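Before I ask anything, let me first share the structure, which is written out below as structure tokens.
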Amino acid sequence: MLGIETTCDETAAAIVERDPGGRGHILSNVVLSQTDEHAAFGGVVPEIAARAHVEVLDLLIAQAMAEAQCAFSSLDGIAAAAGPGLIGGVIVGLTTAKAISLVHRTPLIAVNHLEAHALTARLTDEVDFPYCLFLASGGHTQIVAVRGVGDYVLLGNTMDDAIGEAFDKTAKLLGLGYPGGPQVERLARHGDPNRFALPRPMQHRREPDFSLSGLKTALRLEAERIAPLSDRDVADLCASFQQAIVDTVHDRLRAGLRVFTDRFGQPNALVAAGGVAANQGLRRVLRTLTDKAGIRLIVPPPELCTDNGAMIAWAGAERLAAGLTDALDTAPRARWPLATVTHAAARG
């Protein structure tokens, strides 16, 4: 399976193999980040992102094919992220996949980007359904029951900002540059997480939802109160912010696992996915939570938590194995909630 990812600011292509037993093998995984193109603007500029995808996608596909020693004639399917994401980029990747599918008479699989994150753990760790997914990225913060391919139940969602978005906005407020998450995490290691009394939003509520706008506002008010900021102030603000996020995630996931167990029984694992899952502070609290609950924790390697082509290829392979393909008139989508991805939605 060839997988193409262009939903945001990474252009990626990969070849993944799924054997008859359902085990996955990554034959190539090529990712080109656009961080330098967007750094001056403090965030992703959709028009710049789409143009950058156009300029390099063909070359990345050729590189992925070469590294996998694979010819188009040997592919069983072409998978592309068809949303959700920045619509210009989604159009680039999906249109390219359609062209390859048409020329080589190979099935097209239009993959939901969030479903690809949800299924990555089956590529890396061969986990059985059902499992609980904690999806944390720049655009999404969700707790999802993953019951099968195309079978997802949303248990908890953010009411406002996603965790990754909150990290990026905090970094911008403190003048740390883009991308913000790694910068905040780096400085947090040298700061005092107890210096600033930041809120833990939604704490102790039964519903496993998130709300982060209040935390972001509280941090801004603290920064304004002690301005101008010294290097120590910035490090302490980062540490206090990250600790508030870590405590919030711990509380919200405990609620999410309770809801999962009440509705579907014990999950086979807690899976963390999305770019924020690369944060080591979050990984430690996830380990503490799952050890106490007696649940297996699966966190894919960092390069498979951030956007990549291998996860798109794997989701395409899983859907193809279930007999699910898509027509060439499949439309790209800027919005595409994971809970709406079902078997019935695919067309053969």
Side-chain angles (χ1 to χ4, degrees), residues 5 7-10 43-44 84-85 112-121 124-125 127 131-146 152-171 179-185 188 200-203 207-216 238 241-257 259-260 267 269-290 295 297-308 311 337-339:
E5 159 61 31
T7 59
C8 192
D9 61 338
E10 275 91 22
V44 178
N112 179 292
H113 177 88
L114 305 181
E115 180 176 37
H117 278 303
L119 296 177
T120 298
T124 59
D125 293 83
V127 62
Y131 53 87
C132 184
L133 170 71
F134 172 50
L135 176 60
S137 66
H140 302 88
T141 299
Q142 299 179 349
I143 302 173
V144 179
V146 181
Y152 310 101
V153 179
L154 181 65
L155 304 179
N157 202 357
T158 181
M159 311 298 288
D160 37 62
D161 290 348
I163 290 179
E165 182 183 8
F167 268 98
D168 286 341
K169 288 181 177 178
T170 294
Q183 303 283 356
V184 172
E185 181 181 10
R200 273 62 172 164
M202 310 288 283
Q203 197 168 35
E207 299 79 10
D209 293 317
F210 295 79
S211 175
L212 299 172
S213 62
L215 170 59
K216 184 184 62 181
C238 287
F241 171 80
Q242 180 166 281
Q243 190 59 52
I245 291 287
V246 165
D247 292 346
T248 299
V249 167
H250 183 268
D251 179 77
R252 300 292 73 216
L253 279 177
R254 280 197 306 174
L257 288 170
V259 172
F260 187 108
L270 172 64
V271 173
V276 180
N279 181 286
Q280 293 303 310
L282 284 177
R283 288 189 178 219
R284 284 191 293 271
V285 78
L286 294 177
R287 176 61 64 188
T288 300
L289 177 64
T290 52
I295 298 172
L297 173 65
I298 298 175
V299 186
E303 65 272 15
L304 295 180
C305 284
T306 52
D307 293 349
N308 64 90
M311 71 177 192
L338 179 58

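What you see below is based on every heavy atom in this structure, not just the backbone, and it leaves out hydrogens, waters and symmetry mates. Counting from 1, the numbers follow the sequence of the chain as shown. Fair warning: this is a prediction, and the values are worked out from it, not measured in the lab.
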His113 side chain reached by Asp307 side chain, heavy atoms, under 4.5 Å: yes
Heavy-atom side-chain proximity of Val146 to Val271 below 4.5 angstrom: no
Sidechain-backbone polar pair: Asp168 side chain, Gly181 backbone, donor-acceptor under 3.5 Å: yes
Donor-acceptor pair between Ser211 and Asp160 side chains, under 3.5 angstrom: yes
Interatomic distance, Arg252 atom CZ to Leu257 atom CG [nearest 0.5 angstrom]: 11.5 Å
Gln242 side chain vs Val184 backbone, donor-acceptor pair below 3.5 Å: no
Stepwise side-chain contact (heavy atoms from CB on, under 4.5 Å) test for Leu289 and Arg254: CA-CA 8 Å; Leu289 177 64; Arg254 280 197 306 174; 3.1 Å; yes
Rounded distance (nearest 0.5 Å) linking atom CG of Leu270 with atom CD1 of Ile295: 7.0 Å
From CG (Asn112) to NE2 (His117), nearest 0.5 Å: 10.0 Å
Minimum heavy-atom distance Phe260-Pro267, with the two atoms named: CE2-CB, 3.4 Å
Heavy-atom closest contact (Ser213 atom, Asp161 atom, distance): CA-OD2, 4.2 Å
Nearest non-hydrogen partners of Met202 and Phe210, listed with the distance: CG-C, 4.0 Å
Student check: side-chain heavy atoms of Gln203 and Thr248 closer than 4.5 Å: no
Worked verdict on Ile163 versus Val249 for side-chain contact (heavy atoms from CB on, under 4.5 Å): CA-CA 9 Å; Ile163 290 179; Val249 167; 3.7 Å; yes
Distance in Å, Phe134 CZ paired with Leu155 CG, rounded so as to fall on 0.5 Å steps: 13.0 Å
Residue pair Pro84 / His140, side-chain heavy-atom distance below 4.5 Å: yes
Gap separating the CZ atom of Phe167 from the CG atom of Leu212, nearest 0.5 angstrom: 9.5 Å
Donor-acceptor contact present, side-chain Asp209 to main-chain Asn157, <3.5 Å: yes
Asp251/Arg200 salt bridge by N-O under 4.0 Å criterion: no
From Glu165 atom CD to Thr158 atom OG1, the distance as rounded to the nearest 0.5 Å: 8.0 Å
Residues in side-chain contact (heavy atoms from CB on, under 4.5 Å) contact with Val299, at least two apart in sequence or another chain: Ala272, Ala277, Arg283, Leu297, Cys305
Residue pair Gly138 / Ala162: nearest heavy atoms and the distance that separates them: O-CB, 3.6 Å
Check: Val144 and Leu135 side chains under 4.5 Å, non-hydrogen atoms: no
Which atom of Ala116 lies closest to which atom of Thr120, heavy atoms considered: O-OG1, 2.8 Å
Partners meeting side-chain contact (heavy atoms from CB on, under 4.5 Å) with Thr306 (sequence neighbours left out): none
Student check: side-chain heavy atoms of Leu154 and Leu338 closer than 4.5 Å: no
Heavy-atom pair of closest approach, residues Leu215 and Pro201: CB-CG, 4.1 Å
Contact check, side chains of Glu303 and Asn308, non-hydrogen atoms, under 4.5 Å: no
